[in-house]
Amino acid sequence: MDKKEKVLEIIKRLDKIYPNVKTALNFNTPLDLLVATILSAQTTDVNVNKVTENLFKKYKTAYDYANASLEELEKDIKSINFYKNKAKYIKSLAKELIEKFNGEVPKTMEDLVSLPGVGRKTANIVLWNAFGINEGVAVDTHVKRLSKLLGLTENTDSDKIEQDLMKITPREYWGKLSHLLIMLGREICKAKSPQHKICPLNDICPSSGI
DNA sequence: AACTCGGGGCA
DNA sequence: TGCCCAGAGTT
């Protein structure tokens with residue numbers, strides 16, 4: 001089974017246990033998701049959803065974030081790690097949305113990654129979940145770890161891993177693959193305690209040991 | 001490529 | 001108490 005066939009098999013199997021997979025971050029609007037995804041860096045989606053439940057009631061548009069003081073925004077996301085950095089990103093990002101994009105969240109990779117605090121991972125999450133656009137593969141720590149464990153990639157650099165995954169995966173599955181691997185990484189193939197026995201990929205995983 | 005940012009949950 | 005967690009920017 002070559003890598004292209006393997007990816008399709010992985011998607012097929014994971015799709016069965018995670019049907020209609022999508023981001024675990026709660027959101028109503030593209031701006032909500034952009035903010036939530038920035039907040040999610042190096043923390044858990046549970047922590048993010050706890051904060052955004054109230055945050056999104058208070059800040060509904062880019063203008064709301066731009067007009068708020070940095071101190072107030074910091075206070076509203078204080079339970080998130082790196083909250084000072086993230087508050088700064090979100091506030092300046094909101095200004096750029098107003099100046100360059102009429103207050104709307106742009107729908108292209110180029111425009112999204114031009115925003116402060118937004119990298120390819122965040123952009124891919126937003127593009128796929130908010131707009132249904134397959135522009136790339138979202139590579140986070142889970143995808144990074146699993147793509148190597150599964151023998152799909154050998155690189156360690158996130159951008160190279162994304163390129164590798166894009167080459168061997170049909171474009172229509174890029175967004176789905178990202179989230180399937182993230183779910184597998186969170187719930188089954190955990191970094192510290194991989195659950196080989198209940199993993200649907202244990203017979204085709206080089207790292208399974210079963 | 002290594003380093004910095006660092007709150008909260010859980011063992 | 002100590003360790004980890006849906007990254008991105010800077011050096």
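FYI, side chains are in, hydrogens and waters are out, and symmetry mates aren't considered; it's all heavy atoms of this structure.
Side-chain proximity of A:Phe82 to C:dG7, C:dA6, B:dG7: nearest is C:dG7. The A:Asn47 side chain lies nearest to B:dG7 when the options are B:dG7, C:dG7, C:dA6. Side-chain proximity of A:Asp140 to the nucleotides C:dG9, C:dG7, C:dC4 is greatest for C:dG7. The side chain of A:Tyr89 sits closest to C:dG9 out of C:dC4, C:dG9, B:dG7.
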- Item | Test log, rule side-chain hydrogen bond (donor to acceptor under 3.5 Å, both in side chains), inputs A:Tyr65 and A:Lys91 | CA-CA 6 Å; A:Tyr65 289 107; A:Lys91 184 165 167 57; over 6 Å; no
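Rounded to whole Å, the C1' atom of B:dG8 lies 24 Å from the corresponding atom of C:dG9.
Salt bridge annotation for A:Glu154-A:Lys148: absent, with no cationic side-chain nitrogen under 4.0 angstrom from a carboxylate oxygen.
Under the salt bridge (charged side-chain N to carboxylate O under 4.0 Å, His left out) criterion, A:Asp76 pairs with A:Lys58, not counting sequence neighbours.
No engagement by A:His179 is indicated, since no non-hydrogen atom pair under 4.0 Å with the nucleic acid exists.
For the atom pair A:Leu73 CG and A:Tyr59 OH, the distance stands at 5.0 Å (nearest 0.5 Å). Distance check, rounded to the nearest 0.5 Å: NZ of A:Lys100 to NZ of A:Lys95 gives 13.0 Å.
When rounded to the nearest whole Å, the span between CG of A:Asp45 and P of B:dG9 equals 14 Å. Atom NZ of A:Lys176 is separated from atom C1' of C:dA6 by 19 Å (rounded to the nearest Å).
Residue A:Thr141 places at least one side-chain N or O closer than 4.0 Å to OP1 or OP2 of C:dG7. Close to B:dG9, at under 4.0 Å from its OP1 or OP2, lies a side-chain N or O of A:Lys50.
Within residues 121-133 of chain A, the residues that have a heavy atom under 4.0 Å from DNA chain C are, in order of number, A:Lys121, A:Thr122.
Within 6.0 Å of CZ on A:Phe101 lie more than 12 heavy atoms contributed by other residues, nucleotides or ligands.
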